[in-house]
Structure formats: structure tokens, C-alpha cells
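Report on the structure given below.
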Amino acid sequence: MSKEIPAQYDASQVEDKWYEYWMENNYFHSEPDDRESFTVVIPPPNVTGVLHMGHMLNNTIQDVLVRRARMQGYNACWVPGTDHASIATEAKVVKRLREKGIKKGDLERDEFLEHAWEWTHEHGGIILEQLKKLGASCDWDRTNFTMNPEYSESVIDVFIDLYEKGKIYRGARMINWDPEAKTALSDEEVIHKEVNSKLYHIKYKIVGEDDFVTIATTRPETLLGDTAVCINPDDERYKHLHGKKVIVPLVDREVPIILDDYVDMEFGTGCLKVTPAHDENDYNLGQKHNLETINMLNEDGTVSEEGELYIGMDRFAVRKQIEKDLDEAGLLYKVEDYQNKVGYSERTDAVIEPRLSLQWWVSMKELSQPALENVMNDTVEFHPAKFKNTYRHWMENVRDWCISRQLWWGHRIPAWYNEDGDFVVAKTKAEAEEKLKIKGLKFKNLKQDEDVLDTWFSSWLWPISVFDPKYIGEYQEREPNSELDYYYPTKDLVTAPEIMFFWVARMIIAGYEYMDNKPFDNVYYTGIVRDKKGRKMSKSLGNSPDPIELIGKYGADGIRMGMLFATPAGNDLPFDEKLCEQGRNFCNKIWNAFRFLTMNMEDGVDYEPTTAINKDDISDRWMAARIQETIAGVNEDFDNYKLNDALKKVYSLIWDDFCDWYIELAKPMEYGQNIPKEKLNTALGFFEQLMKLLHPFMPFISEEIWQHIQERTEEEALLVSEWPEMDGSKMDEADLKLFDTLQQMVSSLRNIRAEVQVSPKEELDVLIQTKDQKTADAILSNRIVLEKLESIKSLEVGPDVEKPSVYSSSIVDGNEIYVPLEGLVDFEKERERIQKEIDRLEGFLKGINGKLSNEGFVNNAPETVVEKEKKKKADTEESLAKLREQLKDFED
RNA sequence: GCGUUCUUAGCUCAGUUGGUUAGAGCGCUACGUUGACAUCGUAGAGGUCGGCAGUUCGAAUCUGCCAGAACGCACCA
């Protein structure tokens with residue numbers, strides 16, 4: 001033994017070492033050159049976030065794609081960065097200030113932003129550091145942030161540009177109001193959940209009569225804002241009410257009864273209370289029938305002055321109270337259980353209140369047209385393609401995008417207002433003054449819009465702005481060889497289907513609007529990481545393991561493998577630590593295979609891995625062929641984004657083929673001997689190939705072994721080595737077939753031992769009656785395979801080999817294997833075994849005969865298929881004949 | 001309500017244009033420590049491919065209906 005290597009692989013020792021080495025040598029950094037670019041932009045995580053299992057999966061996949069591309073000779077560039085995540089971050093800052101006893105309301109905008117930046121600098125980048133532990137080969141020199149000054153400028157430029165093109169407008173509409181975050185949200189940020197609520201039937205007195213009408217509502221508190229009651233004009237029950245008025249309970253407001261066929265006569269009582277300020281449909285009714293709007297809610301969800309009653313109380317407290325008060329007033333007819341869907345804020349989980357409000361909007365219909373077309377025609381490919389349907393559905397029904405947020409943390413809207421309320425959109429106050437002046441409007445004492453932009457309004461520019469944030473201004477004059485042109489469009493985007501609309505769709509829209517080109521060639525949608533109960537892993541549920549702890553326990557390679565192994569594209573990943581364990585075990589297996597080879601090295605001998613093989617050695621020829629076969633398969637899997645299939649092929653090649661068969665066959669026959677130098681060199685050569693194929697998936701252990709195999713210069717590191725190319729000349733189908741037969745024979749012998757309970761150590765006499773001389777010659781010239789893997793005393797092979805009197809047997813490929821086992825064979829058991837096999841084959845034969853005697857089959861099926869059936873029939877009959885003969889041997 | 005996608009071994013999933021004796025990993029059972037690895041080896045058990053009907057010479061694969069699940073979209077109080 002020339003080197004001391006520990007018997008167990010210790011990832012923690014190895015992983016940090018190689019990550020540092022890679023960083024020191026700047027391998028991850030990319031500059032434009034003659035090579036084709038392979039660009040990936042990271043889906044920027046929240047700057048104040050921490051790594052969770054979803055990030056682990058997502059970034060592992062990106063790293064696999066990028067590492068392979070780098071080995072393939074592309075100029076690989078993976079741009080990392082973070083997102084300012086307006087709502088989430090502002091909420092965190094507000095919470096932290098509250099803990100310090102500071103209220104947001106007590107601070108000036110600038111003071112608040114100072115706190116936010118402080119928090120960003122403190123926490124920003126933690127998540128990126130965590131990605132390094134995972135092995136992410138990002139170009140860290142290019143780390144970006146959506147609130148960097150230059151990036152921010154591009155966001156503002158785009159806002160101004162779209163405004164000037166008439167694609168952005170300001171308007172009063174019903175919006176989704178988050179009373180917790182106190183901001184408007186886009187439709188995408190509202191999650192509708194089915195909830196158990198109540199349907200309140202409330203009586204409204206008819207003016208001038210003693211009679212009542214009963215309306216049904218799930219939100220009784222909104223009656224404070226009622227300005228009408230609506231019935232269907234065709235409703236016979238209410239004909240007598242036409243033209244009358246009713247009195248809103250408690251507030252005693254007289255409101256008209258209006259007629260509109262919008263009202264469904266079947267639902268509830270057929271009477272609808274109308275609250276134009278707090279329901280989109282009611283708002284439409286209000287517009288149509290010229291109704292007053294009463295804004296009865298404050299921004300925090302409490303009742304406003306306009307509500308008259310319950311002022312300052314939270315809407316849900318009012319709901320309870322008003323139920324009591326209505327009941328006491330005798331106006332509550334009944335309350336029934338009811339299931340309906342309620343909108344919740346995606347970020348704060350607060351119940352959304354529809355609210356009439358003046359906001360900024362992006363007009364989506366026209367903008368999104370190219371984005372729809374180019375996904376449908378596969379210019380941008382979705383993997384898996386099934387997501388095209390969802391995408392199309394959304395895009396075809398796309399609604400205008402509310403982009404203003406009543407927050408401070410984010411990109412402030414570049415709109416400026418004068419004292420009269422006139423406004424212009426301009427980059428600076430000076431420009432705004434100029435613009436107003438030209439229009440002949442007041443231009444002094446301008447105030448900038450208080451609101452910021454939706455975070456996604458900045459991240460939709462990510463694939464562009466990370467390379468050149470000045471593209472708007474310089475769009476026309478941009479140098480032809482700019483970084484943006486070199487890296488754009490990017491190759492693969494890896495993200496979750498959850499943000500298909502939030503982000504993916506909008507990036508494609510921005511790409512066509514500003515680059516006149518797609519932002520990426522492919523979108524790979526990952527699944528959701530779930531726990532054993534099928535729940536999404538989340539911090540709030542506390543069901544997610546800490547990724548960093550997991551890495552400590554199983555190694556980054558182990559976790560990468562574990563996750564990839566279980567996640568076909570677009571399918572959810574039911575996470576189980578067992579997967580990581582499997583990954584760790586695989587590392588150990590690889591490690592020990594390598595360790596075994598080093599144990600065979602002799603002092604003072606130079607070993608040089610080689611791709612040369614011994615042509616006379618079936619195991620060499622077979623291993624070489626298996627590697628070629630795997631390269632072809634893996635490349636195809638990558639082309640189809642089936643990374644888990646690719647990994648499984650590599651896993652099986654290493655564990656099953658290389659470890660279980662090749663190494664076993666490389667072991668010298670005799671005791672205490674080392675593997676000969678030539679054989680070891682070939683084995684090491686194979687090992688190098690294996691490490692190349694493994695590297696994208698498990699970068700650390702592969703690099704570690706690669707560097708152990710030989711001294712390497714910086715240029716020779718595995719991550720910058722060449723991805724293996726398929727070489728058909730190294731793959732002989734006949735070798736694969738022959739070796740497969742030998743493998744089956746070995747397994748048969750082992751099976752016989754197990755059945756008759758003969759120890760693996762006991763030497764057997766083996767007789768093989770082959771179907772022909774050619775097979776016999778092939779087996780005999782490769783008898784070493786059988787002799788090494790089985791304890792064999794004597795081996796007799798040939799078409800005329802006579803079977804012994806008492807034996808156990810097996811049939812492989814039409815060749816009969818006999819093991820004489822005088823005194824060991826249980827006749828009864830053997831008969832049963834043979835009979836069972838005969839029964840099975842007879843059933844099989846029956847099926848084949850059924851087909852072949854069917855004229856329809858013989859006439860219609862392709863010739864090759866018929867031939868195949870005929871061959872099966874012949875083989876099966878042959879085997880059956882042999883088995884029947886054997887059965888006779890055991891009958892007496 | 002509309003739409004999309006699923007349903008294959010105890011669990012998690014493969015199965016390419018209809019033609020295999022339906023595969024893998026984990027788990028399970030039995031056996032096994034004289035030269036890598038018990039984070040291991042060898043062998044084995046386990047499935048009427050959700051149900052029913054149809055197309056076809058032939059269906060896990062295509063069609064229809066039914067049952068169940070997931071996701072997306074939608075203003076029904």
C-alpha cells in the first residue's frame with residue numbers, strides 16, 4: 001500500500017478545500033471571448049432571506065447545467081444576486097423596528113430607508129454565502145442586486161419609457177388591498193382559499209312600508225358602505241319593490257332599490273346589497289347606476305369616519321359586533337354556514353379587502369403578445385412542456401398589472417406632482433419642472449410620488465439589467481460586442497412553476513420589448529420540495545430541515561445527489577433524509593473503490609491513467625463499451641432536461657458496472673498480489689472518465705479523486721476538463737452481449753448455491769452444455785470471468801458436454817449449466833423448481849402461440865415483430881425440452 | 001364553475017412514436033466479515049399498470065365514460 005487513505009469518506013474535509021481552490025483560480029468568472037456563451041441568471045432570492053430546501057434544489061440543478069456546459073467548452077456564466085423583495089423586506093424591517101420600540105409612522109422616509117439598508121447590508125448575502133456551501137459555481141464577481149444604483153436606474157428608465165409609450169397609466173380602480181402591509185397588490189399576489197364562513201341574512205326595511213327585504217352577505221360589516229340594494233328586474237317576487245327605497249340597518253341610511261340582471265335570482269334571497277367602494281362587482285354596478293361610494297375602511301382594515309359606526313374597530317371585530325347588534329334590532333333573519341373563497345395576501349396572509357384606489361398600471365394586452373407567441377411556438381422552450389397550457393391560459397386572459405405599492409423600500413415612482421395635482425413622469429425633479437413648464441403648468445414645489453414599484457417590475461429586467469443597466473438610453477448606440485449582446489439571450493432559466501406569471505412571463509415580455517429577443521432559450525420548472533405528509537416545506541410550518549445542517553451531516557454532494565435522484569423535471573420532490581443518506585453512501589462507495597485501487601499501487605512505481613485497454617480482456621472491452629453507452633445516454637438525457645435519468649445512469653455505471661463487476665474482475669486471482677500496472681492504469685483511466693461524468697452532479701468528490709489520481713496543474717482541474725465525447729469505435733455490441741451472458745452465468749451459479757445452500761467459498765465443478773461450438777469458444781476464451789467471480793474447481797464447456805447424474809441446473813441464453821451436487825440436491829425441491837419454471841414457460845409459450853396462430857397478427861404486424869415472436873417461440877420450446885428432460889432425471 | 005395534468009411494486013418514480021416475460025431506487029426476506037466499502041456484498045419475494053367500455057391482430061401506452069388526487073384561472077353576494 002503506497003498511500004494511506006481513510007476508510008470512510010469525509011465530505012466536510014474535502015468540500016471547503018476545493019471550493020476555495022476553485023475560487024482562488026477564478027474558474028467561475030467569465031469574460032466574453034471567442035467561445036459561445038452559456039449564460040444562466042439565478043432567480044434572485046430575497047436579500048434578507050436564508051437558504052431553504054427549494055433553493056437547494058433549484059440551485060443544484062443550475063449548477064449541474066452550468067458545470068456540464070463549462071466542461072463542454074462553453075463560456076459558462078452563472079450570474080448570482082439578490083432581490084430587494086419590497087413587501088417581505090419592509091415587513092421584516094418594520095418588525096425589527098417595533099422590537100426596538102420604533103414605529104414606522106414615527107420615521108421619515110429617509111430614516112426608514114437607512115434602517116432598511118442597514119438590514120440589507122447585515123443580512124444581504126448570507127444566502128449567497130450559503131450557496132457556496134452547496135458548490136454553486138456562480139461568477140461571484142458579477143453578483144447583482146435589484147436595488148443597486150445602476151440597476152435601479154434601469155428600472156426607472158423602463159418605467160419612464162413605458163409611460164411615454166402609453167403602456168403605463170395611472171387610474172382609479174378596485175384593487176386588492178393588504179391591510180397588514182398597507183399596500184395594494186397585483187392579482188397574482190392574492191391567493192384564493194376556500195374557507196368556512198357564514199352567510200348572514202339581513203333585513204332592510206322598505207321606506208314607507210312595514211315590510212322588509214332580506215339580503216344575504218358574507219361580509220355584513222360592509223353594510224356601512226351600502227348605497228343601494230339590487231334586484232333582478234325579472235324577479236317576480238320583487239316586482240312590487242321597483243322604484244322604492246330601503247333603509248340600511250343601524251346606519252339608517254335611505255338607499256334606492258336598483259334593477260340589474262347581474263343579480264342571480266337563484267342565489268341567496270335574490271337581493272343584493274351594493275357596496276361600490278368595497279367590491280368589484282358592486283363598483284361596476286355603482287358606475288352603471290350612478291351610485292354614491294362610501295369608503296368605510298381605513299388602510300389598516302379598521303372602519304373609517306365615513307363608516308359612521310364602529311369607527312376605528314377592525315373589520316372582523318365589527319363583523320362579530322354587527323351580528324349582535326342586528327340581532328338585537330331584530331334585523332338579523334338568520335345565519336347559515338357557508339363555504340366560499342376568500343383572497344389572502346401571498347406575503348402577509350392577511351385577508352384582502354377590495355378597495356377603490358388610485359394606482360399605477362401596466363397595460364398588458366399588447367405588450368404580452370410576443371411573449372405568448374414565442375412560448376407557444378417553442379422559441380422559448382418550457383420543460384416540461386405541459387406548463388405551456390397554464391401559461392397560455394394566463395396570457396390570453398392577462399389583466400392590467402397594478403405596479404404601485406404603498407411602501408418605502410423599493411424603486412420610487414418617478415412621477416412628480418405640482419400643487420394643482422398635475423403630474424409628469426421624469427427621472428429628476430429638474431426634468432419634471434422643465435416638462436411642466438413646457439406644458440404651461442405650475443412647476444414649483446413639486447412632490448415626488450410616495451409609492452414604490454412592485455418588486456417584479458424590477459426583477460422582470462434581471463436577464464438584461466445584470467449585464468447592461470443602461471440599455472434603454474443606449475439601446476440604439478450600444479456597441480455590437482457589448483456584454484449584453486454576448487451573454488443575452490441566456491440559455492436556461494431554472495425556477496419554480498409558482499412564479500411563472502410573477503416572473504417568467506414578465507421577463508419574456510420585457511425581453512421582447514427591450515431586446516427584441518427572448519431572455520432565455522429554455523425554462524426548466526422544478527417541483528416543490530415537500531415533506532413526508534405532502535406539505536410544502538416552509539419556515540412557518542417548521543417542517544423544513546436546515547440545509548446547512550444537512551450539508552454538515554451528509555455533504556453537499558450527498559444532498560445534491562439525493563435531491564436530483566428523486567426529482568424529474570416539474571415533479572414535486574417528496575423529501576426524505578434517506579435520499580441524502582443514499583447520496584452520502586454513494587460518496588463512500590466511490591471513495592472506497594478509489595481507495596482499493598490505491599491500495600494496489602506499489603511504492604516507487606509511476607502509475608499513469610490511460611484510455612488504452614487490453615483488447616484481449618473482455619472486462620476492459622466491456623467497461624469501455626458501457627462508458628460509451630452511458631455517455632450517449634447521459635447526453636440525450638441532458639438534451640431532454642432529464643437530469644435525474646442522467647444521474648441514475650452515471651450512478652449505475654459507477655456502482656453496478658465499475659464497482660461490482662469491473663473491479664471484482666480486476667482483482668488478481670492469487671492471494672497478496674497487486675493489480676498489475678497496466679490493468680491499474682486502465683482502471684484509473686476509466687475512473688477518470690467516470691469522474692468527468694459525475695462532476696456536474698457531485699463536484700466535490702469527483703474533483704477530490706481526480707486530483708488524487710494524478711498531480712494536476714491549475715489548467716487541469718476537473719471542472720475545466722473536457723466533457724467526454726461519445727466514441728462509437730470503443731463500443732462493441734457483441735462484447736456487451738457476451739459479457740451479459742457471462743454475468744448471467746455467474747448469477748445463475750450464485751443462485752444455485754443459494755438454493756442448495758452451498759457456501760460461496762466451496763469450489764464447484766461446472767459443466768456448461770452450450771447451444772453451439774461458437775458459444776463454447778467464446779465462453780472458454782473468457783473463462784477467467786467465471787473463475788474469478790465464482791469458486792470453480794473444474795469447468796467443462798461445449799455443445800456435447802454430458803450432464804451429470806445428480807445436479808442442479810440453470811439455463812442461460814439456451815445454454816445449460818449443470819453443477820453436480822452429489823448428496824446436496826433435494827430432489828423434491830429441485831423437481832418443484834423445474835416444474836415451476838416449466839409452468840412459467842408454458843404460459844409464456846401459450847401467449848406466443850396465440851399470437852402466431854392469429855392470422856390478423858401474422859398478416860398485419862411488421863415483419864420484425866413476427867420474426868421476434870418466432871425466435872421467442874423457438875427459444876422457449878428449446879428451453880422447455882431441456883427442462884422436461886431434466887425433470888425426468890429427478891423423477892426416480 | 002371552466003381548464004390542465006396526474007393515478008404503474010409497501011414508498012418515491014421510469015416506461016420515448018401501441019409489439020419486453022412491465023423496470024429502478026428505497027423498504028422487506030434469507031444468507032454472508034480471510035485483500036476497498038456493513039455508509040457493504042450475494043440471492044430472493046413483491047404489480048390483474050385506478051375502474052368500466054371501445055378502437056386494434058395486439059393497449060400500461062390511443063378514445064370515451066366513471067372514481068380519486070393535484071395545480072391553474074374565474075366577480076357570484
Side-chain angles (χ1 to χ4, degrees), chain A residues 1 5 7-9 174 187 192 199 215-219 230 262-264 266-269 271-275 279-284 338 340-341 354 384 386-394 397 497-498 500-501 532 534 554 558 565-568 570-574 576 578-579 581-582 584-600 636 640 642 644-645 648 651-652 659-660 663-664 667-668 671-674 747 750-755 757 759-761 840-841 843-844 847-848 850-851 854-862 864-866 868-869 872 876:
Chain A
M1 210 201 283
I5 292 188
Q8 294 205 336
Y9 178 66
M174 193 62 67
D187 294 334
H192 293 273
L199 193 60
I215 60 90
T217 180
T218 52
R219 297 192 296 158
C230 189
Y262 161 77
V263 175
D264 180 353
E266 305 296 316
F267 188 88
T269 60
C271 281
L272 174 69
K273 66 189 268 308
V274 184
T275 324
D279 184 281
E280 193 167 346
N281 301 301
D282 291 12
Y283 175 71
N284 294 336
Y338 186 67
N340 66 337
K341 290 212 170 165
K386 66 178 179 183
F387 287 113
K388 279 166 75 177
N389 289 321
T390 317
Y391 180 84
R392 183 181 60 206
H393 191 252
W394 187 79
N397 299 290
E498 301 166 286
M500 189 186 326
F501 311 134
K532 280 181 196 163
Y554 300 102
F565 220 63
T567 174
N571 277 23
D572 287 356
L573 167 63
D576 188 334
K578 269 251 147 40
L579 292 167
E581 205 180 304
Q582 209 185 330
R584 182 200 58 188
N585 293 355
F586 185 40
C587 286
N588 198 53
K589 185 73 183 179
I590 297 167
W591 182 247
N592 274 287
F594 176 67
R595 178 167 164 255
F596 175 71
L597 295 187
T598 62
M599 287 168 74
N600 279 272
E636 200 187 324
N640 296 315
K642 294 185 167 185
N644 64 325
D645 286 343
K648 279 175 183 173
Y651 177 86
S652 163
C659 293
D660 288 352
I663 289 187
E664 288 308 317
K667 287 180 180 172
Y671 238 48
Q673 289 225 327
N674 281 332
S747 293
R750 287 171 178 167
N751 178 281
I752 287 170
R753 282 183 196 272
E755 298 240 330
Q757 293 182 318
S759 138
K761 279 169 273 176
R840 188 180 71 84
L841 287 180
F844 183 45
I848 297 169
K851 281 187 190 176
N854 182 335
E855 273 181 44
F857 175 76
V858 180
N859 295 334
N860 295 321
T864 51
V865 175
V866 178
K868 221 164 115 190
E869 288 303 312
K872 273 199 277 185
T876 309

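Atom set for the values below is all heavy atoms of this structure, side chains included, hydrogens, waters and symmetry mates excluded.
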Just to be sure I understand the rule, does [X] reach a base, reach only the sugar-phosphate, or reach nothing, if contact means heavy atoms closer than 4.0 Å?
X: A:N389; value: sugar-phosphate
X: A:V866; value: nothing
X: A:P862; value: base
X: A:N751; value: sugar-phosphate
X: A:R750; value: sugar-phosphate
X: A:C230; value: nothing
X: A:D660; value: sugar-phosphate
X: A:F501; value: sugar-phosphate
X: A:P668; value: base
X: A:E755; value: nothing
X: A:K341; value: base
X: A:E869; value: nothing

> Nucleotide by nucleotide, 5' to 3', does protein get under 4.0 Å of the base (B), only the sugar-phosphate (S), or neither (-) in nucleotides 11-18 of chain B, counting heavy atoms?
Replying inline: -SSSS---

> Under a 3.5 Å cut-off on both pairing distances, which runs of 3 or more consecutive Watson-Crick or G-U pairs involve RNA chain B?
Replying inline: B:1-7 with B:67-73, B:10-13 with B:23-26, B:28-32 with B:40-44, B:50-54 with B:62-66

Compare the minimum distances between each of [options] and the side chain of [X], then state the nucleotide with the smallest one.
X: A:Q8; options: B:rC76, B:rU39, B:rC37; value: B:rU39
X: A:Y651; options: B:rG19, B:rG25, B:rG72; value: B:rG25
X: A:Y262; options: B:rC75, B:rG25, B:rC37; value: B:rC75
X: A:N588; options: B:rC76, B:rC73, B:rC37; value: B:rC37

Please state how far atom [atom1] in [X] lies from atom [atom2] in [N], giving the value in whole angstrom units.
X: A:F596; N: B:rG41; atom1: CZ; atom2: C1'; answer: 14 Å
X: A:D576; N: B:rG27; atom1: CG; atom2: P; answer: 10 Å
X: A:Q757; N: B:rU42; atom1: CD; atom2: P; answer: 19 Å
X: A:K761; N: B:rU42; atom1: NZ; atom2: C1'; answer: 14 Å
X: A:H192; N: B:rG1; atom1: NE2; atom2: C1'; answer: 14 Å
X: A:E581; N: B:rG25; atom1: CD; atom2: C1'; answer: 13 Å
X: A:K578; N: B:rC28; atom1: NZ; atom2: C1'; answer: 12 Å
X: A:R595; N: B:rC40; atom1: CZ; atom2: C1'; answer: 12 Å

Tell whether [X] reaches the base of [N] with its side chain through a donor-acceptor pair below 3.5 angstrom.
X: A:N281; N: B:rC76; result: no
X: A:N854; N: B:rC57; result: no
X: A:R840; N: B:rU21; result: yes
X: A:E664; N: B:rA36; result: yes

Any side-chain heavy atom of [X] sitting closer than 4.5 Å to one from [Y]?
X: A:F586; Y: A:I590; result: yes
X: A:L841; Y: A:T876; result: yes
X: A:N281; Y: A:L272; result: no
X: A:D660; Y: A:K589; result: yes
X: A:R595; Y: A:Y9; result: no

Within the distance-only criterion (no hydrogens, no angle test), does the side chain of [X] pair as donor or acceptor with the backbone N or O of [Y] below 3.5 angstrom?
X: A:D279; Y: A:T275; answer: no
X: A:N854; Y: A:G856; answer: yes
X: A:N397; Y: A:H393; answer: yes
X: A:N600; Y: A:F596; answer: yes

> Between A:W591 and A:H393, which is nearer to the 5' end of RNA chain B once each is assigned its nearest nucleotide?
Replying inline: A:W591

> Any idea which heavy atoms bring A:Y391 and A:M500 closest together, and the distance?
Replying inline: CB-SD, 3.7 Å

>> Restricting to non-hydrogen atoms, name the atom on A:N592 and the atom on A:A7 that form the minimum distance, rounded to 0.1 Å.
In response: ND2-O, 3.1 Å

> Should the ring pair A:Y338 and A:F267 be called parallel, tilted or perpendicular, given that the plane angle runs from 0 to 90° and is split at 30 and 60?
Replying inline: perpendicular

Does the side chain of [X] get closer than 4.0 angstrom to OP1 or OP2 of [N] through an N or O atom?
X: A:S747; N: B:rA43; result: yes
X: A:N585; N: B:rC40; result: yes
X: A:K589; N: B:rG41; result: yes
X: A:Y338; N: B:rA77; result: yes

> When you compare B:rG68 with B:rA38, how far apart are their C1' atoms, in angstrom units rounded to a whole number?
Replying inline: 43 Å

